[in-house]
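Taking it in order: structure first as structure tokens, then the write-up.
Keep in mind that this is a model prediction, so the values were computed, not measured.
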Amino acid sequence: MELRAVKGMNDILPDEIGRWQRLEAIFRRTVELYGYREVRTPIVEPTQLFVRSIGEATDVVEKEMYSFQRHDNELTLRPEGTAGAARAYLEHKIHAREPVSRWYYLGPMFRGERPAKGRYRQFYQAGAELYGEAGPLCDAEMIDMLARFLQQLGIEQVEVLVNSLGGPATRLRYRQALLDFFTPRSAQLSEDSQRRLEKNPLRILDSKSPHDQALCAEAPSILDVLDDEDRAHFDGLLAHLDALKTPYRVDPRLVRGLDYYTRTLFELRGTGGELGAQNALGGGGRYDRMIGELHGPETPCIGFALGLERLLLAMAPAPETSPGWVYVAPLGAEAQREALRLASELRSAGIEARVDGRGQKLNRMLPRASNSGARFCVIVGEGELARGVVALKDLQAHAQEEPPRAQLVQRLREILGGEATR
Ligand code: HAM
């Protein structure tokens, strides 16, 4: 039997990794400027954590979790990062140590969705969570941080959607308004949405069925039933976004697929067409009740996550910029030992070096060096050793010189430094 990667789970090979690392570095740099620090939590968590925080009637919990039993524990591969981070925040009593915490994470998530372009079963998220601030100032600042991040990546064709889901009282009122609207029309709803009508009518607004969506367009808007405090919070968010000059569009049908949200909700959609149907680059919102529901103290929270594969699809391919590396070609046994020492010196000087360990003749080694992608080839032969020099070939400039062995690092630095300042 041929063994292949699990469907919907991808290898990221070394020739692709440069783009990933660049993306991750820009993410870290951006969020760290806002005071966020990295947290790493386990990939596996108790299943109940996700059931309780994400919500039983969500697609993620109902259909998509990779769950299994081990040592009498019900476990699940994390489908997202918010629940695990909240568990860690609570478990380590971070709330007792500091009034406000800003955390970020990068890593793989798992959802058993139908694979498609931009939709995988193992995918990577970059996310951030802010604990202890009720906003709306920090809500606006977080959205602005996201906009800045996308700008740094060169993703310009993007739309920011915002909405408010209100607090518990608003949600109850809205739930009733949706029941009043959908119950007489339930026969027109998809089977999934008929079930949602009983369990959690808000989820109907999330339905992917075009028929359901057409009905949803006529459903009451949550913005019409916000109570005064929720309304003030939402208006505050919009005013702060205006002050930051962050463009956005209010979308009262935005509900997102997870049950834990309260008040502020946002989503970033790519509009450039590279993403096809999976155009949600990322999203998030407030979840002021989660920590309390996990039996912790009431703690306001807000966060977001971005899909890294989707960001890479939306990003323009950037040329790889590397100063180039050195192919060290030893001719003979003594030269090999010298080559090892020389390569080690180059690395200590911050110059990438690889030694050819196949030990053949120069006429075999040189073509290998030329085809390797190296910028330089350093030939260490018996003759060079005897004269205290090395042969340095610049494979890009097609030039050759013979610097003294002791001055090789300095000479390479001169060539590379000259280029960097040119
Ligand atoms: P989410 O909207 O479920 O939110 O996921 C965030 C992003 O992850 C999506 O916008 C998308 O870019 C990416 N994503 C989700 N599923 C897949 C998939 N199957 N394949 C590829 N990419 C995918 C959350 O996960 C929340 N935890 C965000 C949050 C943080 N809310 C508060 N704090």
Side-chain angles (χ1 to χ4, degrees), residues 5 10-30 32 38 40 106 124 152-154 308 312 315-422:
N10 301 309
D11 300 310
I12 305 163
L13 297 176
D15 64 351
E16 303 162 77
I17 209 75
R19 300 187 74 213
W20 285 80
Q21 289 173 338
R22 195 171 84 84
L23 171 59
E24 290 167 5
I26 296 174
F27 180 74
R28 287 176 195 280
R29 205 160 56 232
T30 307
E32 285 177 6
E38 184 173 1
R40 297 189 192 188
L106 283 155
Y124 286 79
Q152 304 271 312
L153 296 180
L308 297 195
L312 286 167
M315 267 164 78
E320 291 287 323
T321 49
S322 141
W325 55 275
V326 180
Y327 194 104
V328 184
L331 304 171
E334 200 190 328
Q336 279 193 338
R337 285 186 286 279
E338 183 58 17
L340 285 172
R341 283 192 290 270
L342 204 135
S344 166
E345 273 170 43
L346 291 175
R347 293 174 193 130
S348 300
I351 300 170
E352 180 180 337
R354 306 181 206 168
V355 182
D356 185 321
R358 281 182 280 180
Q360 286 158 333
K361 298 220 162 45
L362 188 61
N363 60 357
R364 304 283 291 276
M365 204 111 61
L366 274 184
R368 279 212 298 272
S370 307
N371 293 331
S372 69
R375 165 70 198 273
F376 301 100
C377 177
V378 170
I379 300 156
V380 190
E382 310 281 326
E384 282 87 0
L385 273 182
R387 283 185 288 130
V389 297
V390 291
L392 169 63
K393 272 177 167 297
D394 186 332
L395 298 169
Q396 191 175 301
H398 302 290
Q400 177 158 349
E401 56 187 285
E402 260 193 8
R405 154 81 179 77
Q407 282 168 29
L408 175 65
V409 166
Q410 195 192 334
R411 183 65 196 120
L412 284 169
R413 277 197 176 136
E414 275 167 17
I415 301 176
L416 293 170
E419 281 171 10
T421 52
R422 206 173 290 153

Interatomic distance, CG@Leu346 vs CZ@Arg341, rounded to 0.5 Å, equals 13.5 Å
Residue pairs meeting salt bridge (Lys or Arg N to Asp or Glu O under 4.0 Å), one or both in residues 376-390, sequence neighbours left out, come to Arg387-Glu402
Rounded to the nearest 0.5 angstrom, the CD-OG1 distance for Gln152 and Thr30 is 4.5 Å
When rounded to the nearest 0.5 Å, the distance separating OH of Tyr124 from CG of Leu23 is 12.5 Å
When rounded to the nearest 0.5 Å, the distance separating CG of Leu342 from CD of Glu345 is 5.5 Å
Taken to the nearest 0.5 Å, the spacing of Tyr327 OH from Glu352 CD works out to 13.5 Å
Shortest non-hydrogen pair, Met315 vs Leu153, comes out as CG-O, 3.7 Å
Review item, side-chain donor-acceptor pairs of residues 362-370, under 3.5 Å, at least two apart:
unit_1: Arg368; atom_1: NE; unit_2: Asp356; atom_2: OD2; d: 3.0
unit_1: Arg368; atom_1: NH1; unit_2: Gln360; atom_2: OE1; d: 2.7
unit_1: Arg368; atom_1: NH2; unit_2: Asp356; atom_2: OD1; d: 3.2
unit_1: Arg368; atom_1: NH2; unit_2: Asp356; atom_2: OD2; d: 2.9
unit_1: Arg368; atom_1: NH2; unit_2: Gln360; atom_2: OE1; d: 3.4
unit_1: Ser370; atom_1: OG; unit_2: Leu366; atom_2: O; d: 3.0

Checklist entry - Is there side-chain contact between Ile415 and Glu401, with at least one heavy-atom pair below 4.5 Å? => result yes
Minimal heavy-atom distance between Gly373 and Trp325, with the atoms involved, is O-NE1, 3.7 Å
To the nearest 0.5 Å, atom CD of Glu338 lies from atom CG of Leu331 at 13.0 Å
Those residues at least two apart in sequence (or on a different chain) that pass side-chain contact (heavy atoms from CB on, under 4.5 Å) with Gln407 are Pro404, Gln410
Could you check whether any side-chain N or O of Glu16 sits under 3.5 Å from a backbone N or O of Leu13, counting only pairs where one atom can act as donor and the other as acceptor? yes
TODO: Determine whether more than 12 heavy atoms belonging to other residues, nucleotides or ligands lie under 6.0 Å from atom CZ of Arg347.
DONE: yes
Heavy-atom nearest pair, Leu395 first then Ala374, reads CD1-O, 3.5 Å
Only residue of Asp394, Val326, Ile351 satisfying side-chain contact (heavy atoms from CB on, under 4.5 Å) with Arg375 is Asp394
Query raised in the report: So, do Trp20 and Leu312 sit near enough that their side-chain heavy atoms are less than 4.5 Å apart?
Result: yes
In terms of heavy-atom contacts, Ala343 and Val328 come closest through CB-CG2, 4.4 Å
